[in-house]
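Quick notes on the structure that follows.
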There are 2 protein chains.
Amino acid sequence: MAKVNHWRRITIREVAHEAGVSVQTVSRVLNGHPDVAEKTRARVQSVVTRLRYRPSGIARSLAAQSTQMLGVVASGFQLFGPAQLLAGIERQATELGWHLMLQIVDPAAPADYDRVASNLISQNVAGVIWAYPELTGERERAFHQQIEPHLPVIFLSMQAQPGSAVISVDNRHGAWLAVQHLVGCGYRRIGIITGPMALWSAQQRRLGWQDALAAAHLPRHSRQVVEGDWSAESGHAGLLRLIAQFPSLDAVFASNDQMALGALKAAERVGRRVPDTLAVVGFDDIPESAFFRPALTTVHHDLMDLGRLAVRELHRVIHARREGRTTTATSLMLQPRLVVRESA
Amino acid sequence: MAKVNHWRRITIREVAHEAGVSVQTVSRVLNGHPDVAEKTRARVQSVVTRLRYRPSGIARSLAAQSTQMLGVVASGFQLFGPAQLLAGIERQATELGWHLMLQIVDPAAPADYDRVASNLISQNVAGVIWAYPELTGERERAFHQQIEPHLPVIFLSMQAQPGSAVISVDNRHGAWLAVQHLVGCGYRRIGIITGPMALWSAQQRRLGWQDALAAAHLPRHSRQVVEGDWSAESGHAGLLRLIAQFPSLDAVFASNDQMALGALKAAERVGRRVPDTLAVVGFDDIPESAFFRPALTTVHHDLMDLGRLAVRELHRVIHARREGRTTTATSLMLQPRLVVRESA
DNA sequence: TGGTACACTGTGAGCGTTACCGGGATTTTA
DNA sequence: TAAAATCCCGGTAACGCTCACAGTGTACCA
């Protein structure tokens, strides 16, 4: 009895032998290449299924000098936005036959850009989706120098870079929509709880808030601004701080829905009724926000779509390069829309 | 000027040549093998960094007949539980030097177990973490036959299988804690909004509810049960249905926090005050649940830890096998705890 | 009837790395 | 002082596959 514990892989050679053809012919059948007789093809196919043969992706990649793997650099999947993004990326990738190599960068310890680049190169990924929202200074340089010259890269939700493809949501416009709505409802003293200001998306949402105030000729003061970290906790603390330093506040734009939830809770605590004595709007339109009390008015954007688009674009560029054509990846900006519910 | 567009990889051969040693010696240095003079080692190292040489993981895997890749089969990362799990898996994996090959199975179209198995085999993963919560009937057989005999597998949050390692949270006990607390508070007509009953975790939580009712000698009727799908939406609809079919309801156990949120909203709609005329408890303790109105009493469990444990265990088993030892992976069940807040 | 085109198949050389074995130089042991 | 052990290092053969090229046989045309 052979030992079962370690399992010998079935190789293309055995399939070839069993089917009475050469290895090359089997390879041709496997990859759908032309120039193989229908009868032979059928015979090989039947042997393949009978032997449950699975070609080694590794050997294939080595020989062909190209992989079926896409690198994805992201900050995690615990926040709603990134999770949606990754879900879209994942689906489109598997639909198109790509595997994913996920590289999570810890925002707290961002010293391992080098490790990320190393991994991507050593696994020989065919392209990279940079879904990590921050890319500045030395890190940027390191990455750009190591990766971008050699590989197609699509950036997600980032500041537009000259010469790079960036696909993102128009955060600024979305925030503008939200605050514009508050203005339209008659609110005049509108505060903001921002996201981490190191992030581009947080900066953009703040700018949208600014734009809307300016358009309505409303005064703006730093006491109206408070920084959060996307968590409900920070939204709660944020609103308390905001009210303390700017008591005449009559509305607040929370830069995401979780913070809006925290703000709602804080409003209750200080005896403000929403939307009567304080209006709240959020951003993201997470599925739960319709069930907040009151139901949250917020900004909807389709991050899953964004992820899908990124993969499709990368796919296009990779294939173009493989066929020798030179295409530049195109940038794109998706428009969000306002969802009016009860909180404003 | 050479064409920059396509980039030639630096190989071990070039490093060897540059350092004036053989390829084999470079390989030894790279892998930290013994039998290389300190002086030589240093020289090789310096050439490696100077040339920015990155060994090809692919070639390495082919030659060594083993990869640094773990397969993870999951249902996605948009729900809180799975996302936490995957976050834990990801962190522990990178800390231990493993790469991940994520295989998302769409619960709606589960016909592609075969594709998943194929991918795992063809990429030659060293082990598998099965974090997909359902594994029944024919699919189970297919997977077990194709993967388990050859590869170490750890199952997560599943029914204990004879002979397989399962790491999970004691959902039944957690639900028992929650409902027990309701009973202790004097509630007597306790309903449940379950998760999708195809899932083991949902079944377990329902059993815990049953246990607690039985222990308190409370009657139990099918009108007290309603099935949800983990979404806030379904929690909302669920509570409305529950009240319609069982009007004397005075408390409800929602099998996760999102559904609890929906239930809270529905309670408001039908004029029930929580917790006075209706108590609500949830499960999961998502970060937002402390900011629900009222703050949610719920069951806390550490899924991230669970993921980390799974990776560590798999790591252990893989290394044992490589060294020829035979270890069986051990099963484990983590205990959740009750977090009492305002809603009950 | 010869030549040419075409359809099909096989051969050999890699892809970049590690495992196995063997050999020379140096040290240790009896 | 001879023999054995040890330390370094290199050559060669895989690993499983694809690519470029070189065939072989058959059909077609003039």
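Each chain gets a letter, A, B and so on, in the order its sequence line appears, and its residues count up from 1. The figures here come from the full heavy-atom set of this structure, side chains too, leaving out hydrogens, waters and symmetry mates.
Rounding to whole angstrom units, CZ of residue Arg54(B) and P of dC15(C) are separated by 22 Å.
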Any N/O pairs under 3.5 Å between the protein and nucleotides 21-26 of chain C? List them or say none.
none

Which atoms of nucleotides 12-15 of chain D (N or O only) lie under 3.5 Å from a protein N or O atom, and what are those distances?
{"residue": "dC15(D)", "atom": "O3'", "partner": "Gln65(B)", "partner atom": "NE2", "Å": "3.2"}
{"residue": "dC15(D)", "atom": "O2", "partner": "Ala63(B)", "partner atom": "N", "Å": "3.2"}

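Sorted by first then second residue, the salt bridge (charged side-chain N to carboxylate O under 4.0 Å, His left out) pairs that include residues 13-33 of chain B, not counting sequence neighbours, are Arg8(B)-Glu14(B), Glu18(B)-Arg50(B). Sorted by first and then second residue, the salt bridge (charged side-chain N to carboxylate O under 4.0 Å, His left out) pairs involving residues 93-104 of chain B (not counting sequence neighbours) are Glu95(B)-Arg308(B).
Annotation: side chain to side chain contact (heavy atoms under 4.5 Å, CB included) contacts of Asn119(A) (sequence neighbours excluded): Met101(A), Gln103(A), Arg115(A), His99(B). Not counting sequence neighbours, the partners of Glu313(A) by the side chain to side chain contact (heavy atoms under 4.5 Å, CB included) test are Ile154(A), Ile167(A), Arg316(A), Val317(A), Ala329(A), Thr330(A).
Pro55(A) comes within contact range of the sugar-phosphate backbone alone, with a heavy-atom separation under 4.0 Å but no base atom that close. Counting non-hydrogen atoms under 4.0 angstrom, Val23(B) reaches a base of the nucleic acid. Ser61(B) comes within 4.0 angstrom of no nucleic acid atom, judged by non-hydrogen atoms across all strands.
Of the side-chain N and O atoms in Ser56(B), none sit less than 4.0 angstrom from OP1 or OP2 of dG16(C). One finds a side-chain N or O of Thr25(A) lying less than 4.0 angstrom from the OP1 or OP2 phosphate oxygen of dG10(C). The phosphate of dT9(C) has OP1 or OP2 within less than 4.0 Å of a side-chain N or O from Thr40(A).
Atom NE2 of His17(B) is surrounded by 12 or fewer heavy atoms from other residues, nucleotides or ligands within 6.0 Å.
Judged purely by distance below 3.5 Å, without hydrogens or angles, the side chains of Ser122(A) and Arg54(B) never pair a donor atom with an acceptor atom.
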